[in-house]
There are 2 protein chains.
Amino acid sequence: MPTLDSATRDRIVAAATELIMERGYEKTTMRAIAERAEVSLGSAYYYFGGKEELVQGFYLAIARRQHELLEQRIDGVTSFGKRLDACFEAFLDASDEYRAISDSLLSFAIVPTSPLSPFSAQSRPARNQFLRTFEELVDGSDLKTDPRLREALPELLWIAQMLIVLGWVQDLSARQRVTRTVVKRLVPALARLLSAARLAPVRPFVTDALESLAMVRQRTYVGEQVKALGS
Amino acid sequence: MPTLDSATRDRIVAAATELIMERGYEKTTMRAIAERAEVSLGSAYYYFGGKEELVQGFYLAIARRQHELLEQRIDGVTSFGKRLDACFEAFLDASDEYRAISDSLLSFAIVPTSPLSPFSAQSRPARNQFLRTFEELVDGSDLKTDPRLREALPELLWIAQMLIVLGWVQDLSARQRVTRTVVKRLVPALARLLSAARLAPVRPFVTDALESLAMVRQRTYVGEQVKALGS
DNA sequence: GAACCCGTCTGAACACGTTCAAATCGCGTG
DNA sequence: CACGCGATTTGAACGTGTTCAGACGGGTTC
């Protein structure tokens, strides 16, 4: 399994990406990928463990596109609610391009032992991109909340975004308008909730939730050093 | 595609179930299933559209087992929190038996157009069983909440249970203890939240959430008549 | 130069899910 | 009984993802 950069490797990914976008994942054959990349079938398997591995690029592409769209749209906006809303919207816009293959992507992502799990070591680049986006989102905002919650927030929002995507794939309405509407409605409520986390009566809930998160983190990421939250 | 009851049909399901439990879904071949069921390969395809269809029985089995376990455990208990806790625990206990194949099950379930989607017409028997369980859970409890919320509650709890299962498959801790612990922690909070729904300051949130749910329902179930909530 | 190594590449071969034309069965009808 | 007809059954054949024994190529060592 070569880890060296290689033009061949890139050609195969490019061919796979093109074909998958043209015909969908299932209808794209390894033979077709090899042919377009001008390598033999065996070579494709020399560079990649299998067909599944060839979709890894999509996550990162979505993550980058979300970040790009978001930057354009929240320039100068400081309201946390507005920023979060723009963020999720950017994510859905970025995902739209890949809607036709989102089923396949999600099917792989859901398997915890798969390299395509969002928590896997192989997904680290895409995951980091997502987390950076949320970090920036919070940093540039006027949000005032419990500092412990603030620290965990990027990861929490990333997880929330994954829950949104679950609804999004299930959403059969035209252009997934239902998902967009529901997100638009829930974001303000979430913003208010996060602000309320500072108040004394709510704090035990926050503590409870954060402890749960800490527990979950320890047991979710596979083959990774998990940095503890809090110092 | 015959819909008549048939001993052959049952033999094939039985063979498939056995083999999948023995070896897992991927390693079970249609040829092996046909052989054990003492039919030809072609016959298996005469009765079932494909390999995927042969896992339909698992959902219903889990739903029934949950109900069975729950009945034993909440006899006489009226506290809503305790009943809900027991319910989720019964669900996780029922699911444990199928943990080895839960990846495959979930991979199929996540595809909205698949007959194995929990929202599909084919999943209706299992879905109804789940909803009945939650209906009974709420009915026999001391929960006092907003009546509109009360009506939507079985479905909401069912959805919550599906979110739990998402965490459960990702949970790599021994015997999925993390998931169980987190559920145990969050249930009381949820119970308090539902009680609080009666209070005036919270009501707008409830209205908002229920409207969102109504929207989602209209666009999620495929090929089904969706009964409106409220009369 | 010869021998050797090792990273790269090849396509035939395998096992699988699925399809299908043809064979067989069961049974009502003339 | 013979005939016909639809339901059922069959296994060969197809296209697929994947594996593997071997071929190739260029660099290093004696």
Side-chain angles (χ1 to χ4, degrees), chain A residues 1-58 101 103-105 107-108 111 113-116 122, chain B residues 1-58 101 103-105 107-108 111 113-116 122:
Chain A
M1 232 179 265
T3 46
L4 290 160
D5 294 31
S6 140
T8 310
R9 214 184 148 81
D10 294 345
R11 277 215 318 286
I12 298 172
V13 195
T17 308
E18 284 172 30
L19 284 166
I20 290 173
M21 288 301 284
E22 284 172 23
R23 317 179 186 174
Y25 177 80
E26 323 260 331
K27 298 198 133 183
T28 300
T29 73
M30 287 299 284
R31 285 167 179 80
I33 292 171
E35 194 178 351
R36 183 166 302 194
E38 293 177 315
V39 295
S40 73
L41 182 58
S43 272
Y45 279 93
Y46 179 71
Y47 285 97
F48 296 92
K51 194 180 169 188
E52 268 192 43
E53 275 188 22
L54 286 165
V55 306
Q56 279 193 354
F58 287 105
I101 58 166
D103 289 0
S104 312
L105 255 46
S107 288
F108 296 138
V111 179
T113 55
S114 157
L116 284 94
Q122 286 90 335
Chain B
M1 234 180 264
T3 47
L4 290 160
D5 295 29
S6 138
T8 309
R9 212 186 150 81
D10 294 346
R11 277 216 319 287
I12 297 172
V13 193
T17 309
E18 284 172 31
L19 284 166
I20 290 173
M21 289 301 284
E22 284 171 22
R23 317 180 188 174
Y25 177 79
E26 323 260 330
K27 297 197 133 183
T28 300
T29 74
M30 287 299 284
R31 286 169 177 81
I33 293 171
E35 194 178 352
R36 183 166 301 196
E38 291 177 314
V39 296
S40 72
L41 182 58
S43 272
Y45 279 93
Y46 180 72
Y47 285 96
F48 296 92
K51 195 180 169 187
E52 269 192 40
E53 274 189 23
L54 287 164
V55 306
Q56 280 194 351
F58 286 104
I101 58 165
D103 289 0
S104 313
L105 256 46
S107 288
F108 296 138
V111 179
T113 55
S114 158
L116 284 95
Q122 286 90 333

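Every chain is numbered from 1 and lettered A, B, ... according to where its sequence line falls, protein lines coming before strand lines.
Over its length, the helix from C:dG1-D:dC30 to C:dG30-D:dC1 turns its helix axis by 30°, as judged from the five terminal pairs at each end, rounded to 10°.
When distances run from any side-chain atom of B:Tyr47 to the nucleotides D:dT16, D:dT9, C:dT10, the shortest one goes to D:dT9. Here C:dT18 is the nucleotide among D:dG17, C:dT10, C:dT18 with the atom lying nearest to any side-chain atom of B:Arg31. Closest to the side chain of B:Ser43, from the set D:dG17, D:dT10, C:dC9, is D:dT10.
Counting non-hydrogen atoms of neighbouring residues, nucleotides and ligands closer than 6.0 angstrom, the CD atom of B:Glu38 reaches no more than 12 such neighbours. Other residues, nucleotides and ligands contribute only 12 or fewer heavy atoms inside 6.0 Å of the CD atom of B:Glu35.
Using a 4.0 Å cut-off, some side-chain N or O of A:Tyr46 falls inside it from OP1 or OP2 of C:dT8.
Computed from coordinates, the B:Glu52 CD to C:dC16 P distance equals 18 Å when rounded to whole Å. The nearest whole Å value for the distance from the CD1 atom in A:Ile12 to the P atom in C:dT8 is 12 Å. Rounded to a whole Å, the NZ atom of B:Lys51 is 9 Å from the P atom of C:dC16. When the P atom of C:dC9 is taken as reference, atom CD of A:Glu38 falls 13 Å away, rounded to whole Å. Going from atom CD1 of B:Ile33 over to atom C1' of C:dT18 covers 13 Å, rounded to whole Å.
Between A:Phe58 and A:Phe108, the ring center distance fails the sub-6.0 Å criterion.
Note: B:Thr8 OG1 to B:Arg11 CZ = 5.0 Å, rounded to the nearest 0.5 Å. A:Lys51 contributes atom NZ, which lies 8.5 Å from atom OG of A:Ser104 (distance to the nearest 0.5 angstrom).
For the pair B:Arg9 and B:Phe48, the cation-pi test (distance below 6.0 Å, angle within 45°) is passed.
If you check residues 20-30 of chain A against DNA chain C, you find no residue with a heavy atom closer than 4.0 Å.
Minimum interatomic distance between B:Val55 and B:Ile20 (heavy atoms only, all atoms of both residues): CG1-CD1, 4.0 Å. Residues A:Ser114 and A:Glu52 share a closest heavy-atom pair of OG-OE1, 3.8 Å.
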B:Ile12/B:Ile33 under side chain to side chain contact (heavy atoms under 4.5 Å, CB included): CA gap, chis, key distance, verdict:
CA-CA 7 Å; B:Ile12 297 172; B:Ile33 293 171; 4.1 Å; yes

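Side chains of B:Tyr47 and B:Val13 form no contact here, defined as non-hydrogen atoms less than 4.5 Å apart.
With hydrogens and angles ignored, the 3.5 Å screen pairs no side-chain donor or acceptor of B:Arg23 with any backbone N or O of B:Thr28.
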Give each protein N/O atom lying under 3.5 Å from an N/O atom of nucleotides 19-26 of chain C, with the pair distance.
none

